[in-house]
Every structure is written in C-alpha cells, then in structure tokens.
Amino acid sequence: MSGKVAIVTGSNKGIGFAIVRGLCKKFDGIVYLTSRDVERGKKAVADLEKEGLHPSYHQLDITEDKSIETFRDFIKQKHGGIDILVNNAAIAFKHNATEPAAVQAEQTLAVNYFAVLNTCEKLFPLVKNGGRVVNISSSAGHLSKIPSVALRNRFKDPNLTIPELSELMQQYIEAAKQGTQAPEWGNSSYAVSKVGLTALTMIQQRMLNDRDIKVNAVHPGYVDTDMTSHKGPLTIDEGAAAPLFLALDADDSVKGQYVWYDKQITSWERDTRSAY
Ligand code: NAP
C-alpha cells in the first residue's frame, strides 16, 4: 500500500499522454495511464515502454459510473490513495461540425463538465491530504468567453456551490435546445464546458482546503493534437509542461488558480493573455 500514485485521465494520446510521459520521468511513484478504450491504452503504454518508461495501466471511461467505480475500488485496494489526479479527458466538436447546437451542448458538457465532476466526486475521497488535482481547462475556459455580465457574476460568485454550478450548466443545455443560447452564453459549447470546469476548480479548492489539497485549472496552450486537427503550434510535451508544473513543482501556495501554459497564474476574470 506504500508509495505514491499519480493518475491521468484520457491519457492514451495527446497532452494526457505527454503528461504521463513527464510524470514517468519526474514523479517518484506509480503513474497510471488510463483510457476509455483498452486497446488504445495498451498501445500507448507499449509506446512509452519503448522509451524506457513504465506507466501502469487501467481502463477508465469518465462517462461510465461502473468504469469509475471499478477503477476507484482497484486503486483503493491496491494503493490506498492518490497523490496526483490530472483531469485531462475531454472532447471538442470541430468548428465545421454539422451536429445541431443542442447536441453539441449536451454531449460536450456531459464529458467536459458532468463526467469530470462525477469522476472527482468518486475519486476525491481517495486523494491524500496534501495531494494535488490538476484540471485541464483551456483559454476557452476564461470567464470572458461568456458574454452575459449576469452569468459571469454567477460563475465567479465566491459562494457558488456545485449544485448551483451544475444547474447553470443545465440551463445552458436547455437554452441550446431552445436555440436561445448565443446572446448570453456565446457560440461554443466547448467554451461553456471549460468555463464550467474552471468555476468547478475554484469551488473544489474551497471544499478541499481543510485537507490541504491543491486544485488548479490550467490552459495547456494551443497544442498539436487530434483535438486541434494538428493545427496547434506546441508539441504535446510543451502542452504538458504547465500541467506537470502544477502536479509536481508549483509552490504549495498555488491553489484554486487559473494557470497559463507559461506557468503564470492568470486572472480568470479579467482579459485573457494574448494569443492562444
Ligand atoms: P485529444 O488528443 O483529443 O485527447 C483527448 C483524450 O481524452 C483522448 O485520450 C480521449 O480518448 C480522451 N477521452 C475523451 N473522452 C473520454 C472519456 N469519456 N473517458 C476517458 N477518456 C476520454 O485532446 P488533447 O488536445 O490532448 O486535449 C487534452 C486536454 O487539453 C483536454 O482537456 C482539452 O480540452 C485540453 N486542451 C487542449 C488544447 C489543445 O490545443 N490541444 C487547448 C486547450 C485545452 P480517445 O482516444 O478514446 O478518444
């Protein structure tokens, strides 16, 4: 049961894969590469093995209760706890996607907000006091992406609770179903999901303060992955740099923050930094 444990969700490819690679190199403990698809996960593990790295593997689909619970019970039984949890798994519709806004809203929030929340609620009891949680947000998760001042005030309310935030997310889905979302919420389900995740990060930090757990949200930069159709200029290892910094090296005082890919703490409420 001894030894430290790090977990990265959705890490069979892209930034999550590079976070596992970095953890295998720098973290003094066991690193779990997890994936919803076992074949893709095993292939990723084999690729890292070829580099002389030795991640452990477990299946984890963050949208499936059973999958999360099986993983949680396995980790509890085998290791007793978690030192580092990186919530990386996410989806994004392409800009030219033809699915209606309502479908994009429901599916994107189901994974990027509700599934991450559910995964956290099931795994947080295992996170050790003093542990670290890194939520992979985005520049799209900056509060300025929400046009409505009233909504922005709701998101940044320091007394906002998780049920209230989830209700806000649900309101967005309902607005998308009515086709009335654009003026208040903007045109991107992905942005709403990541604003939700960033707001969730702030609430989670408040809830975990008494266990000395640090929870931060990070924009990894615009990265060359399947999600960006390989248009991002950063390599996956460059995209993993700020998440790895928060998981391993950031000062203990860094908590409940929104961090840019250059590792700088950035205001979530005021204007974004320039360029991706
Ligand atoms: P990616 O290459 O598309 O990888 C996404 C990963 O998430 C894949 O491993 C995918 O698995 C997994 N995933 C999706 N749904 C899942 C589920 N239900 N359960 C478990 N895993 C699931 O994307 P990426 O660019 O590396 O993005 C990683 C993170 O960075 C995301 O949170 C993304 O929003 C964020 N981000 C990326 C950029 C960028 O420029 N790339 C910028 C800002 C933020 P499958 O292979 O099975 O689909």
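These values consider heavy atoms only, across backbone and side chains, with no hydrogens, waters or symmetry-generated copies. Read the numbers this way: they start at 1 and go in the same order the structure lists the ligands and their atoms.
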(message) Any non-hydrogen side-chain atom of K214 less than 4.5 Å from a side-chain atom of D252?
(response)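 Yes. Closest side-chain heavy atoms under 4.5 Å.
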Atoms of ligand 1, numbered as shown, that sit under 4.0 Å from any heavy atom of [X]:
X: N12; value: 8 (C), 9 (O), 11 (O), 45 (P), 46 (O)
X: T228; value: 39 (C), 40 (O), 41 (N)
X: S137; value: 35 (C), 36 (N), 43 (C), 44 (C)
X: G221; value: 38 (C), 39 (C), 40 (O), 42 (C), 43 (C)
X: L60; value: 19 (N), 20 (C)
X: Y190; value: 33 (C), 34 (O), 35 (C), 36 (N), 43 (C), 44 (C)
X: Y222; value: 40 (O)

When you check the side-chain N and O atoms of [X] and [Y], is any donor under 3.5 Å from an acceptor?
X: T63; Y: D61; value: yes
X: S166; Y: Y113; value: yes
X: T108; Y: S193; value: no

Run down the list [options] and name the one with the heavy atom closest to [atom].
atom: atom 3 (O) of ligand 1; options: R36, H219, M227; value: M227
atom: atom 35 (C) of ligand 1; options: N87, D226, T225, I136; value: I136
atom: atom 5 (C) of ligand 1; options: G41, A90, G14; value: A90

(message) Any nitrogen or oxygen of S138 lying under 3.5 Å from a nitrogen or oxygen in ligand 1? Just yes or no.
(response) no
(message) Please check whether I62 reaches ligand 1 - meaning an N/O of the residue sits under 3.5 Å from an N/O of the ligand, judged on distance alone.
(response)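 Yes; the residue has a nitrogen or oxygen that sits under 3.5 Å from a nitrogen or oxygen of the ligand.
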(request) Report whether Y190 and L143 are members of the same hydrophobic cluster (ILVMFWY, side-chain heavy atoms less than 4.5 Å apart, transitive linking). (result)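 Per the 4.5 Å side-chain linkage, Y190 and L143 are not co-clustered.
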